[in-house]
Amino acid sequence: MAVEDAISLTKARSMLIILLATCDQTLLAIDATANVLDSDLRHDLNAMIERTRREVEALDEKLRELRTI
């Protein structure tokens with residue numbers, strides 16, 4: 001069971017890393033264009049980045065716990 005949980009958590013973590021990278025790159029592109037109309041999108045991306053980082057940290061903690069079992 002622990003192996004299956006670790007695989008599932010690792011897959012979820014991988015998807016979050018992809019999301020985080022996508023948001024980071026999108027934010028860089030928006031900043032490069034200096035488009036003031038994208039302020040809402042910039043705000044939403046920053047919020048998504050922070051939330052995703054917290055989720056990755058939580059999954060990392062769960063994976064560490066599984067490794068100690």
* Would Lys62 and Glu65 count as a salt bridge (charged side-chain N to carboxylate O under 4.0 Å, His left out) if you check the C-alpha gap in whole Å, the side-chain angles of each, and the deciding distance to 0.1 Å? -> CA-CA 5 Å; Lys62 288 179 182 179; Glu65 289 172 7; over 6 Å; no
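No continuous path of ILVMFWY side-chain contacts below 4.5 Å connects Val56 to Ile18, so the two sit in separate hydrophobic clusters. Hydrophobic clustering (ILVMFWY, side-chain heavy atoms < 4.5 Å, transitive): Leu19 and Leu9 are in one cluster. A single hydrophobic cluster is seen to contain both Leu20 and Leu45, as judged by linkage of ILVMFWY side chains at heavy-atom distances under 4.5 Å, directly or through other members. Hydrophobic clustering of Ile, Leu, Val, Met, Phe, Trp and Tyr side chains at less than 4.5 Å, counting indirect connections, unites Ile49 with Leu41.
Residues Arg13 and Ile17 form a side-chain contact, since some pair of their non-hydrogen atoms from C-beta on lies under 4.5 Å apart.
Put simply, the side chain of Ser8 never gets that close to the backbone of Glu4: no donor and acceptor are under 3.5 Å apart.
Using a 4.0 Å cut-off between charged side-chain N and carboxylate O, Glu50 and Arg53 make a salt bridge.
Each of Glu55, Arg54, Met48 was scored for a side chain to side chain contact (heavy atoms under 4.5 Å, CB included) with Thr52, with one residue passing: Met48.
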List, one per line, each side-chain donor-acceptor pair under 3.5 Å for residues 25-33, sequence neighbours excluded.
{"from": "Thr26", "atom 1": "OG1", "to": "Thr22", "atom 2": "O", "distance (Å)": "2.8"}
{"from": "Asp31", "atom 1": "OD1", "to": "Arg42", "atom 2": "NE", "distance (Å)": "2.8"}
{"from": "Asp31", "atom 1": "OD1", "to": "Arg42", "atom 2": "NH2", "distance (Å)": "3.3"}
{"from": "Thr33", "atom 1": "OG1", "to": "Ile30", "atom 2": "O", "distance (Å)": "2.8"}

